[in-house]
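Following: one structure in structure tokens, then a few remarks.
Start at 1 and go down the list; that is how both ligands and their atoms are numbered. Residues take their numbers from the sequence shown, with the count starting at 1.
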Amino acid sequence: MTAFPTLDEARALDAADPLRDRRADFTLPEGVIYLDGNSLGALPRRTAGAVADLVTRQWGEHLIASWNMHGWIDAPARLGARIATLVGAASHEVIVADSTSANIFKLAVAACRARPGRRTILSEPGNFPTDLYVASGVAATVGVELRIAAPEALVDAIDDDTAVVLLTHVHYKSGHRHDMAAITVAAQARGALTLWDLSHSAGAVAVDLNGSNADLAVGCGYKYLNGGPGAPAFLFVAERHHGLLESPLSGWMGHAAPFAFDDAYAPAPGIRRFLCGTPPIVAMAALEAGIACFDDVAMADLEAKSAALCDLFIAGVESRCAGHGFTLITPRDAGRRGSHVSVAHDQAFPICQALIAHGVVGDFRAPDVLRMGFTPLYTRFEDVWRAVEILGDVMERRAWDDPQFRVRGAVT
Ligand SMILES: *Cc1c(COP(=O)(O)O)cnc(C)c1O
């Protein structure tokens, strides 16, 4: 166990942090320690201006000419190329479109159809709900079965009947990070495709899609990419599959020549065939502002800071909060986790609410998990130090044991 530092030592870590100036790119409310950027990224300072410009000048003054004049039509590919640099992909292999859920559907159907005769989609129990729900919808759509195998049994469960292995790279609850390269090798050795959900990885840890020879991936725009609530998502298709995989949502924006207005569908040759309808341009402007926060950020710095922030929190829970019934469920090895740390506690819900009332915003994940997200661009070591102090205080005083902290809202 790493020793928990003093406040001055935590501040010294901030002073030495190569990413320390990036926090100024975000608007963060006074008096709040925000440890939920893995659920909804904080608001970048440049976003309001970028969206206002898009609405008032581009839309307001230039109207429909903006599709060409302001590059609206190119936004899905332009933003995709930017995200590609964060996930180890080539610029023409990533595009921004739809939601993560819809992108899972498009790519999983495409993958199953590219592996005809194979009868299963393989995933893991406790995967993010939408991944499992969409996978079962895909299974019904293409006439295959969804098979679930525990993480330790996954590789052995891949067989000649597996069309696609659908996994979340960093688990949303436990924070466990799969070995993308090893699982991809195992899947491909059996002739299966891999589809990685990067929602809790992109912008949080270094991801190397091409270095891992991944086939397909999707990811979320509103978590570590700071795109705002409900931001468009992204998808990745390795170049070797371009022209072979087809989207089941064959909308006009994925057509080879959308403005030829042909009756017959002919998919675009490259990644653009995975677009469906007209891109949400206002939301795209916010996402572009969110991704711009990564300009000049080295992924190695991001990954190193993420690891150090998580280590600090773990050390704090295990020293300052020892004896209060927390069980660490996130791997200790930084290479095997993402950028959040989860602890189980039978009173996790009221503890989480009490923390929020004391200015520490993390989140609760049913049934008993308290999850703290550490966003390397704007979380400071001092924030983690203070969060641990407040958690220790809430536990010592049993401040969580109050009826007001047991009331559950629609979103938890
Ligand atoms: C957040 C998240 C999603 C979100 O999907 P939406 O379609 O944007 O609601 C999907 N998968 C995982 C693993 C997530 O963490």
Side-chain angles (χ1 to χ4, degrees), residues 35-42 76 79 83 86-87 95-109 121-138 146 148 151 154 164-178 180 183 194-205 207 209 214 216-236 247 249 274-277 279-280 283-284 286-287 290-291 306 329-330 337-342 362-366 369 371-375 410-412:
L35 303 180
D36 217 357
N38 55 329
S39 238
L40 175 64
L79 274 62
I83 293 171
L86 303 179
V87 294
I95 200 153
V96 169
D98 304 315
S99 63
T100 307
S101 303
N103 289 338
I104 294 169
F105 180 82
K106 291 184 291 186
L107 294 189
V109 169
I121 298 172
L122 183 64
S123 192
E124 64 175 312
N127 196 347
F128 190 80
T130 213
D131 296 60
L132 294 177
Y133 303 162
V134 172
S136 65
V138 170
L146 172 60
I148 300 296
L154 255 173
V164 56
V165 181
L166 167 64
L167 293 173
T168 300
H169 181 226
V170 171
H171 194 273
Y172 78 100
K173 203 171 352 183
S174 70
H176 174 271
R177 186 188 331 183
H178 280 297
M180 183 185 283
I183 293 175
T194 50
L195 170 47
W196 294 98
D197 187 333
L198 304 178
S199 292
H200 284 277
S201 317
V205 294
V207 179
L209 286 169
L216 308 165
V218 298
C220 184
Y222 52 79
K223 292 171 179 158
Y224 293 93
L225 300 187
N226 315 306
F234 67 91
L235 64 85
F236 158 87
S247 173
L249 297 181
F274 288 98
L275 295 179
C276 181
M284 289 275 188
L287 178 58
I291 309 165
S306 153
I329 63 167
T330 301
R337 66 173 187 238
S339 202
H340 63 270
V341 174
S342 294
D363 61 21
F364 164 79
R365 284 293 173 261
V369 170
R371 183 179 73 163
M372 298 290 175
F374 305 102
T375 40
V411 175
T412 58

**Asked** Can you tell me if Ser123 uses its side chain to pair, donor with acceptor, with the backbone of Leu166 under 3.5 Å?
**Response** yes

**Request:** May I ask you to decide if Ser101's main-chain N or O and Thr130's side chain share a donor-acceptor pair within less than 3.5 Å?
**Result:** no

**Prompt:** Residues two or more places apart in sequence or in another chain: which of them pass side chain to side chain contact (heavy atoms under 4.5 Å, CB included) with Pro125?
**Reply:** Ile148

**Request:** Give the protein residues with at least one non-hydrogen atom closer than 4.0 Å to an atom of ligand 1, ordered by chain and number.
**Result:** Ser99, Thr100, Ser101, Phe128, Thr130, Asp131, Thr168, Asp197, Ser199, His200, Tyr222, Lys223

**Request:** For the pair Asn103 (side chain) and Ala97 (backbone), establish whether a donor and an acceptor sit closer than 3.5 Å, ignoring hydrogens and angles.
**Result:** yes

**Prompt:** Who are the ring pair (Phe, Tyr, Trp, His ring centres under 6.0 Å) partners of Tyr222, not counting sequence neighbours?
**Reply:** none

**Prompt:** Quick one: ring pair (Phe, Tyr, Trp, His ring centres under 6.0 Å) partners of His200, sequence neighbours excluded?
**Reply:** His340

